[in-house]
Amino acid sequence: MFEAFEKLPDDPILGLTTAYLNDSNPKKVDLGVGVYRDEQGKTPVFDAVKRAERIKLEKETSKTYTGIEGDPVFNEQIQKLILGADHPSLKDGRSCAIVGPGGSGSLRVGAEVINSWKPGANVWVSRPSWPNHIPLIGTAGLTMKEYPYYYEQAHQIRTDEMLGQISKLGSNDVLLLHACCHNPTGADLDMNHWKEIARLAQQNGFTPFVDSAYQGLGRGLDGDAEGLRYLAAAVPEIIIAYSCSKNFGLYRERVGALQIVTKNQTSTEAVRSHMKSVARRLYSVPPAHGAILVGMILSDPELKKSWAAELDGICTRINSLRVQLTDMLAKKGSRQDFSFVRSQYGMFSMLGLSVEQVQRLKKDYSVYMVNSSRINIAGISNSNIDYLTDSILAVI
Ligand code: LMR
């Protein structure tokens, strides 16, 4: 059977890490995969996570299966973190959540639930979007379509074209949105966009599906959730896939959540049973370790405070790197205007370079970024920013 297989190309994002690690240039810079790095280039374990792990190690008496829905403390706490404890959908008991294997696994369970509701329904993703959205969601049997989102030359959202397309969606359509820190552009929807999308969803009956993978890395925990919270209060139904990879630094532990808000409590119970049925047929039960840690942190005021403060520090550092990169490129005489970088949010921005320029940066300067010229801002540090900006200016 396997003689018929041909080797596939490396993953466009994760493959960059391997290429970077194999590069012997001491000046090499990794701006590829979306992983937070500190000034020393390390991806630290949050202090609150370490403390929760110690407590867990002491207290845990069994590793038997959790239920299909995963840790109940996590499921309760994560909904409050996403929507805010006072959110009307939580007060009305119209929301449920299950642990998912990372944000990706949660997106896939969400896609499967949509497909059992309306097989082959349209899912609209922004152009551009995280490259894995289309294969991950589409292979559940859904029909993937794109709406215009970002004007690469002008480095801004294509508001009119985007809303024009969204205004044509109806009850057979699902609209995938990024809650914050848009991947790959860093250009986030503003409150006017969220309000208009909410109005269109109410009027035309499409279902929002929101991917929230970076809460707390752009404008803080509440700021990054503002649009999503508004939308979830305005529409009768919404699907949310959540990742704790970045904001809890739990990447390899695979911690995410699928949350669904429905019209009434009866539907919530029915939807929960479908979420569990999908999870059972895909992977049976989710990983438990990371979800238990997140549940512990969010339900302990002291751990929560420590985690939120550390996350806030990360957010501040990323925003300051944005300013530094913009300023240094300008100071070194760039004829291209990079001021958009400082006004965007989260881990990513697209520099607006051609694929050839990106390849030259890799080949001649050992600077690694995704072919779309998406950079991971958190890969910049005081020790590489000089070399990085010189390299960028040399290829443009
Ligand atoms: C990224 O976009 O770099 C991250 O979401 C990691 C991944 O899985 O692609």
Side-chain angles (χ1 to χ4, degrees), residues 8-21 29-38 41-44 100-111 125-139 144 146 149-150 152 176-188 209-218 224 240-258 283 286-287 290 311 314-315 318 321-322 341 344-351 353 358 361-362 367-380:
L8 294 171
D10 288 336
D11 181 83
I13 295 178
L14 299 180
L16 284 173
T17 310
T18 319
Y20 169 81
L21 291 172
V29 182
D30 181 9
L31 306 180
V33 65
V35 163
Y36 178 73
R37 298 223 173 74
D38 64 14
K42 300 247 158 46
T43 305
S104 299
S106 308
L107 279 165
R108 178 58 184 234
V109 178
V125 301
S126 63
R127 186 175 58 245
S129 197
W130 180 50
N132 210 22
H133 270 147
I134 291 181
L136 185 62
I137 296 169
T139 48
M144 302 307 290
E146 292 181 298
Y149 185 78
Y150 189 67
E152 290 183 24
L176 189 82
L177 300 162
H178 298 223
C180 60
C181 307
H182 185 271
N183 182 2
T185 69
D188 281 355
F209 185 3
V210 181
D211 183 358
S212 181
Y214 297 89
Q215 188 185 1
L217 282 95
D224 285 340
I240 302 161
Y242 193 81
S243 170
C244 300
S245 295
K246 282 89 183 177
N247 60 359
F248 285 85
L250 284 165
Y251 307 86
R252 67 174 67 159
E253 303 295 355
R254 311 312 296 139
V255 198
L258 177 68
Y283 52 76
L311 180 61
I314 286 173
C315 181
I318 291 175
L321 287 169
R322 288 185 168 281
V341 173
Q344 296 177 336
Y345 287 101
M347 216 107 103
F348 309 116
S349 277
M350 278 162 70
L351 290 181
L353 308 181
V358 171
L361 276 169
K362 181 153 77 165
V367 172
Y368 290 80
M369 65 185 68
V370 183
N371 271 347
S372 61
S373 77
R374 184 196 85 169
I375 57 166
N376 172 17
I377 300 282
I380 303 171

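For ligands, and for the atoms within them, numbers begin at 1 and follow the listed sequence.
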Steps toward side-chain hydrogen bond (donor to acceptor under 3.5 Å, both in side chains) verdict (His178, Ser129): CA-CA 9 Å; His178 298 223; Ser129 197; 2.9 Å; yes
Which distance, rounded to the nearest 0.5 Å, do you find between the [atom1] of [X] and the [atom2] of [Y]?
{"X": "Asn371", "Y": "Ile13", "atom1": "CG", "atom2": "CD1", "answer": "10.5 Å"}
{"X": "Tyr251", "Y": "Thr43", "atom1": "OH", "atom2": "OG1", "answer": "5.5 Å"}
{"X": "Met144", "Y": "Leu136", "atom1": "CE", "atom2": "CG", "answer": "8.5 Å"}
{"X": "Tyr36", "Y": "Lys246", "atom1": "OH", "atom2": "NZ", "answer": "14.5 Å"}

Not counting sequence neighbours, which residues clear ring pair (Phe, Tyr, Trp, His ring centres under 6.0 Å) with Tyr149? List them please. His182
Between ligand 1 and the protein, find all N/O pairs closer than 3.5 Å and give the distance for each.
residue, atom, partner, partner atom, Å
ligand 1, 2 (O), Trp130, NE1, 3.1
ligand 1, 2 (O), Asn183, ND2, 3.0
ligand 1, 2 (O), Arg374, NH1, 2.8
ligand 1, 3 (O), Gly34, N, 2.7
ligand 1, 3 (O), Arg374, NH2, 2.8
ligand 1, 5 (O), Lys246, NZ, 3.3
ligand 1, 9 (O), Trp130, NE1, 3.0

